[in-house]
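A short write-up of the structure that comes next.
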Amino acid sequence: MFFYLTTLSLQHFISEDIPVLGEETPDNERFVVTEAWKHSDFLCKNNILNCLEDGLYNVCSVMETSKELWNALEKKYKTEDAGLKKFVAAKFLDFKMVDSKFVITQVQELQVIVHDLLAEGMVINEAFQVAAFIEKLPPMWKDFKNYLKHKRKEMTLEDLIVRLRIEEDNKTAEKKSRENSTIMCANIVEEAPTSKKKKKPSGPKNYPSKKKFKGNCHNCGKVGHKAAECRAPKKDKKKSQANMIEKND
């Protein structure tokens, strides 16, 4: 807001009162100067009010001068800034990385919080930042976290971010290769023949039922089968023919 007022050449009205002219100043000149100041102060005050939200506008619109309005806003936001330090510090301490998000994305979020802490005047050296970033790595990075903890050489925050980026790229590549191998195995299993040829059942059920023979067997004389199907010993044809002739006679 201060920058915006500077571009309009109105920034000095937030710290100046109405000018006081000497008694020797003519009345017409005094009137012109006073009216010019009131006009510029009116523009400055309403440019500030125009940028406020509705709730604040209703409270601040009763202010008579730009200086009075600016001082009221400074008191309000400086009070909020005093509590902002504690809020940002708590946000930094409570921040925990999770396995469901990219680590580099979470590191960038943590960097923003650290930047807010530094902007609030809190002193955090780089060694503490590196140690905090390592400690906040997600559970699946436990082995890499232990590896970084046991390194004796001091790392800068930039070096740590480069190492995390490389490690995350490696983990992503390994995950993709495992997924591809799983898909290939699944395709091989699907393409393999799963059905076996069923053997045709053998037995008397496959053959059509034969009609029972109603005549007499020429071999044994029994009813129900032919001579070709007879299990009795075969008789001599000549003797049987002779017996039949004798019988007929």
Reported [atom1]-to-[atom2] distance for the pair [X] and [Y], which is rounded to 0.5 angstrom:
X: Met97; Y: Glu109; atom1: CE; atom2: CD; value: 9.0 Å
X: Ile18; Y: Asp41; atom1: CD1; atom2: CG; value: 8.5 Å
X: Gln108; Y: Gln106; atom1: CD; atom2: CD; value: 10.5 Å

Q: May I have the step-by-step check of side-chain contact (heavy atoms from CB on, under 4.5 Å) for Leu43 and Leu8, ending in yes or no?
A: CA-CA 10 Å; Leu43 293 176; Leu8 301 176; over 6 Å; no
Q.
Checking Lys171 against Lys175 for the side-chain contact (heavy atoms from CB on, under 4.5 Å) test, could you report, in this order, the C-alpha distance in whole Å, the side-chain angles of both residues, the deciding distance, and whether it holds?
A. CA-CA 6 Å; Lys171 287 180 178 291; Lys175 185 178 179 181; over 6 Å; no
Hey, are the side chains of [X] and [Y] touching, using non-hydrogen atoms and a 4.5 Å cut-off?
X: Arg165; Y: Glu168; result: no
X: Phe133; Y: Gln111; result: yes
X: Met155; Y: Ile134; result: yes

Q: Heavy atoms only: give me the nearest Val130-Leu160 pair and the separation to one decimal.
A: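 Scanning both residues completely, I find the closest heavy atoms to be O-CD2, 3.8 Å.
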Q.
For Ala127, is there any backbone N or O sitting under 3.5 Å from a side-chain donor or acceptor partner on Glu154?
A. no
Q. With hydrophobic residues grouped by side-chain heavy-atom distances under 4.5 Å, do Phe2 and Leu10 end up in a single group?
A.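 Per the 4.5 Å side-chain linkage, Phe2 and Leu10 are co-clustered.
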Q.
For residues Leu110 and Val162: do they belong to one hydrophobic cluster (side chain heavy atoms under 4.5 Å, members Ile, Leu, Val, Met, Phe, Trp, Tyr)?
A.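 Different clusters: Leu110 never reaches Val162 through Ile, Leu, Val, Met, Phe, Trp or Tyr contacts under 4.5 Å.
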Q) Are there more than 12 heavy atoms of other residues, nucleotides or ligands under 6.0 Å from atom CZ of Phe42? A) no
Q: Verify the neighbour count for atom CG of Asp27: are there more than 12 heavy atoms of other residues, nucleotides or ligands below 6.0 Å?
A: no
**Q.** Pair Glu135 + Lys149, salt bridge at N-O below 4.0 Å
**A.** yes
Q: Classify the ring geometry between Phe144 and Trp141 as parallel (under 30°), tilted (30 to 60°) or perpendicular (over 60°).
A: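 The rings of Phe144 and Trp141 stand perpendicular, inter-plane angle above 60°.
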Q.
With side-chain contact (heavy atoms from CB on, under 4.5 Å) as the criterion, how do Ile124 and Phe92 come out once you've worked through the C-alpha distance, each side chain's angles and the decisive distance to 0.1 Å?
A. CA-CA 12 Å; Ile124 305 176; Phe92 175 79; 5.5 Å; no
